[in-house]
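We count ligands from 1, going down the list as the structure has it; atoms in each ligand are counted the same way. No hydrogens, no waters, no symmetry mates; every other heavy atom, side chains included, goes into these values. This one's a predicted model, so the numbers in the text were calculated from it and none came from an experiment.
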Amino acid sequence: MRGFDVVVVGGGPSGEEAAARLGARGLEVAIVEDRLIGGECAYWACMPSKALLRPYEALAEARRLPGAREAVTGELDVPALLRGRDEVIDHFDDSEPRSFLESRGVALLRGRGRLVGERRVTVGDEKIEARRAVVLAGGSLPLFPPIEGLDAVEGAWTNRDATTADEIPERLVILGGGPVGVEMAQAFQTFGSHVTLIEGERRLLPREEEFACAQVTTALEGYGVDIRTGAKAESLSQIGGTMTVTTTDGDTAEGDVLLVALGRRAPTDDLGVESVGLTPGDFIEVDAQMRVPGTPWLYAIGDINGRTQQTHMGKYQGRLAADHILGRDNAVSHGADGTLAPRVIFTDPQIVAVGHTTDTARSAGAQFDVYDTELSSTLAAAFYSPGAPGTARFLVDRERRTLIGCTITGSEIADFLHAASIAVVGELPLERLRHAVPPFPTRSEIWLALLEQAGV
Ligand SMILES: Cc1cc2nc3c(=O)[nH]c(=O)nc-3n(C[C@H](O)[C@H](O)[C@H](O)COP(=O)(O)OP(=O)(O)OC[C@H]3O[C@@H](n4cnc5c(N)ncnc54)[C@H](O)[C@@H]3O)c2cc1C
C-alpha cells in the first residue's frame, strides 16, 4: 500500500491550498482529483462567470464618462468575449496548477477518491494510507429540488453549462435569484438573451441588505430582465423546443433553455463517508480547526463542509487545516467563515458585504447603529461611475464602537471590501479608524462620512 503523510481528496481551490501549504512545509502529500486541478471554481464557476461579466461592466463604465463614452461606438462583441472566457479557463487545461502543486512536492493521483476507514483512501483499485490526516475537499454539486417535471426537462443547464456556453439562447429562464442566478441573468441579458429570473422569496438576494437587493433589481430590470419574485417554480413542461415554468401563483414563463441555480448539495453520496460513521448526502460538519468532530485525523474544507460556498473562504479553511496538521496552535477559525464571511456579487452595481447585515445583527441581538452614505457624496464620484447607484452601510456596535458589518454597492467596488473586512475582523474601534486616512479623490472617502456621522 502506498503511503503519504496527508491525502487531500479534491483538487479545487480549497484542496490545492491545503496540499500546497503542506507540501511546501515538507510533508509528503497526495492530492486526488477525478477531473481538473482547479476544481469547479477555475473552469465552471468563479473564473468563467467573472470573464462573462467583466466586459459589460467595463463598457458600462466607459459609457458613463464623457470622452470615453464617445469612443464607444459598438456593442459587446459576444464571440470575442466568449473567446476571452476560454482563455481565462485555459481551455480546460490544468497543466499550470498541476505544475504549481508539483513545485510544492505534491503528488497528483488522478481518479475518484473514497474513504474506506480510518486513514485509508482508495483511488480506483489502489489503496492509499494517510499517515497523519485525510482532508476532504470535494466541493459541492448543483441542487435539483423536487419540482414536478424538472427531471424530465432535456438539457437543463447548471452553472457548468451557463458559464461555458458557446451559444446564447434566445430565451433563458433562470430558477433562483441568489448570486449565481443574478450574475448569469445580467450576463445573458447583456449578451442578447431575453432572461426571465424566478425567485421564490419576496426579493432577489434575500441574504443581503434590502437596499442592495433593490439596486441590483432595478439594474437588472433596466437591462431588460423579467424578474418574478414571491412565487416558486411549481412545475415544468417541455414541448418541442419550448420549456414552460409554472409558478405557485399560476403565472407562467417560457424559454428555450432552463438554468437551474437553486443552490448546492454535498458531494458525499459516493465518498465512503459511512466508513467513518458519517451520513452520505450530508455536508460534513467541522469544528474551528476544520476537523470532523470525533475523528481527529479527518478534515473537511471548502464547500463540502457547508459553512460558506466561496473560494476565498475554502482557501482560508485550507490554510487552517494545513496549519493544524502542522501542529500550529493558532490554526483556529475566527468564527466568521460562515454567513458573515466577506462576499461579492459581481453584477453592475456590485454588492460587497462582510459581517452582519441589519437583519442578521438584529437576529443576533446586537445593539448597533446604522450609518448610510452614498458613494456619490465623495468628490471621486465625478470620475468613478458618475451617476451610477452606490451606497455604503456601516453597522457599528453601540457599546464597543467597532464595525460589525458593512455592505457597499456600486460599480467596480469589489476591491473596497477588504478594508471593511480588516476593520470587522480586527475589531478596530472607530477612534482608531480615524487615523486610517482614505486618499483623495477616491470613493474610499465614504469612511470619512461614516466617522463624521458617528461623531468621531
Ligand atoms: C457560477 C458560480 C460562480 C461562482 N463565483 C464565485 C466567485 O466569484 N467567488 C467565490 O469566492 N466563489 C464563487 N463561487 C463558489 C465557488 O465556486 C466555490 O465555493 C468553490 O469552487 C469551492 O471550492 P472547493 O475547493 O471547495 O470545491 P470545488 O471547486 O468544487 O472543487 C472540488 C474538486 O473536487 C473534486 N472531487 C470531488 N469529489 C472527488 C472525489 N471523490 N475524488 C476525486 N476528486 C473529487 C471535483 O472534481 C472538483 O474538482 C461560484 C460558484 C458558482 C456555481
Side-chain angles (χ1 to χ4, degrees), residues 7-19 30-54 88-89 92 94 97 108-116 121-124 128 134-143 157-165 174 176 178-185 187 259-273 280 283-284 290 299-318 321 337 341-347 350-352 414 417:
V7 177
V8 178
V9 180
S14 318
E16 265 185 288
E17 186 85 358
I31 194 162
V32 187
E33 171 58 54
D34 62 351
R35 290 183 300 161
L36 295 169
I37 293 291
E40 197 76 11
C41 173
Y43 308 98
W44 297 282
C46 327
M47 295 301 284
S49 62
K50 269 70 267 180
L52 295 180
L53 289 160
R54 175 69 186 139
V88 166
I89 61 173
F92 298 108
D94 68 351
L108 168 61
L109 309 180
R110 282 264 191 225
R112 188 139 195 91
R114 291 190 96 249
L115 274 174
V116 287
V121 171
T122 54
V123 182
I128 314 282
V134 174
V135 180
L136 299 177
S140 62
L141 296 168
L143 179 72
W157 280 8
T158 66
N159 63 291
R160 294 186 153 213
D161 309 280
T163 54
T164 59
I174 302 180
V180 174
V182 298
E183 286 187 3
M184 289 302 99
L259 165 60
V260 182
L262 292 168
R264 312 284 297 174
R265 68 179 175 89
T268 52
D269 287 339
D270 183 29
L271 192 57
V273 292
F283 286 105
I284 298 175
M290 304 299 128
Y299 295 74
I301 57 173
D303 281 17
I304 199 168
N305 66 29
R307 285 198 171 186
T308 174
Q309 289 166 347
Q310 299 184 91
T311 291
H312 44 280
M313 298 317 294
K315 291 172 74 169
Y316 165 70
Q317 294 172 356
D337 60 330
R343 47 212 187 263
V344 178
I345 296 159
F346 288 85
T347 41
Q350 297 177 341
I351 300 176
V352 305
L417 183 59

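Residues Val7 and Leu109 form no side-chain contact, since every pair of their non-hydrogen atoms from C-beta on lies 4.5 Å or further apart. Proximity of Pro142 to Arg265: side-chain heavy atoms (C-beta onward) are nowhere separated by under 4.5 Å.
Regarding atom 27 (O) of ligand 1, its nearest protein heavy-atom neighbour is Gly139 CA, 3.1 Å. The single protein non-hydrogen atom nearest to atom 42 (N) of ligand 1 is Gly113 N, 2.8 Å, given as residue, atom name and distance. Given atom 36 (N) of ligand 1, the protein heavy atom at minimum distance is Asp34 OD1, 3.9 Å. The nearest protein atom to atom 13 (C) of ligand 1, hydrogens excluded, is given as Cys46 SG, 3.3 Å; this is a heavy-atom distance. In terms of protein heavy-atom proximity, atom 39 (C) of ligand 1 is closest to Arg112 NH1, 3.6 Å. The protein non-hydrogen atom at the shortest distance from atom 33 (C) of ligand 1 is Glu33 OE1, 3.5 Å. At the top of the distance list for atom 24 (P) of ligand 1, counting protein heavy atoms only, stands Ser14 OG, 3.3 Å. Scanning the protein for heavy atoms near atom 22 (C) of ligand 1, the closest one is Asp303 OD1, 3.2 Å.
Without hydrogens or angle criteria, Gln317 side chain to Ser14 main chain gives no donor-acceptor distance under 3.5 Å. Counting only distance, with no hydrogens or angles, the side chain of Arg343 and the backbone of Ala341 share a donor-acceptor pair below 3.5 Å. A distance-only check finds no donor-acceptor pair linking the side chain of Asp94 to the backbone of Leu36 [under 3.5 Å]. Of the possible polar contacts, one joining the Asn159 side chain to the Trp44 backbone as a donor-acceptor pair under 3.5 Å is found. Formation of a donor-acceptor pair under 3.5 Å by the Tyr43 side chain with backbone atoms of Ile37 is found in this model. The backbone N or O of Ala45 lies less than 3.5 Å from no partner atom in the side chain of Glu40, so there is not a single donor-acceptor pair.
Summarising the geometry of Thr164 relative to Phe92, their closest heavy-atom pair is CG2-CZ, 3.7 Å, with the distance given to 0.1 Å.
Of all the heavy atoms of Lys50, the ones lying under 4.0 Å from any atom of ligand 1 belong exclusively to the side chain. Counting heavy atoms under 4.0 Å from ligand 1, residue Ile304 does not touch it at all. The part of Asn159 lying near ligand 1 is the side chain, judged by heavy-atom distances below 4.0 Å. Residue-level proximity to ligand 1 for Val180 is carried by the side chain, the only part with a heavy atom below 4.0 angstrom. With a 4.0 Å heavy-atom cut-off, ligand 1 is reached by no atom of Ala42.
Ligand 1 has no N or O atom lying under 3.5 Å from any N or O atom of Glu183, backbone or side chain. Between Trp44 and ligand 1, no N or O atom pair is found at a separation short of 3.5 Å. Considering backbone and side-chain atoms together, Thr163 places no N or O closer than 3.5 Å to any N or O of ligand 1.
Closest to atom 15 (C) of ligand 1 by heavy atom, among Glu16, Glu40, Gln309, is Gln309. Atom 11 (O) of ligand 1 has its nearest heavy-atom neighbour, among Thr311, Asp94, Val344, in Thr311. Among Cys41, Ala261, Gly138, the residue whose heavy atom lies closest to atom 21 (O) of ligand 1 is Cys41. Residue nearest to atom 32 (C) of ligand 1, selected from Gly10, Ala45, Ala137: Ala137 (by heavy-atom distance).
Ligand 1 is approached by Gly111 to a heavy-atom distance shorter than 4.0 Å. Under a 4.0 Å heavy-atom criterion, Ser49 is in contact with ligand 1. Using a 4.0 angstrom heavy-atom cutoff, Pro13 counts as in contact with ligand 1.
Residue Gly302 has at least one heavy-atom neighbour below 4.0 Å for each of these atoms of ligand 1: 26 (O).
Note: Thr163 OG1 to Asp161 CG = 8.0 Å, rounded to the nearest 0.5 Å.
When each of Val135, Leu271, Ile304 is checked for a side chain to side chain contact (heavy atoms under 4.5 Å, CB included) with Val9, only Leu271 meets the rule.
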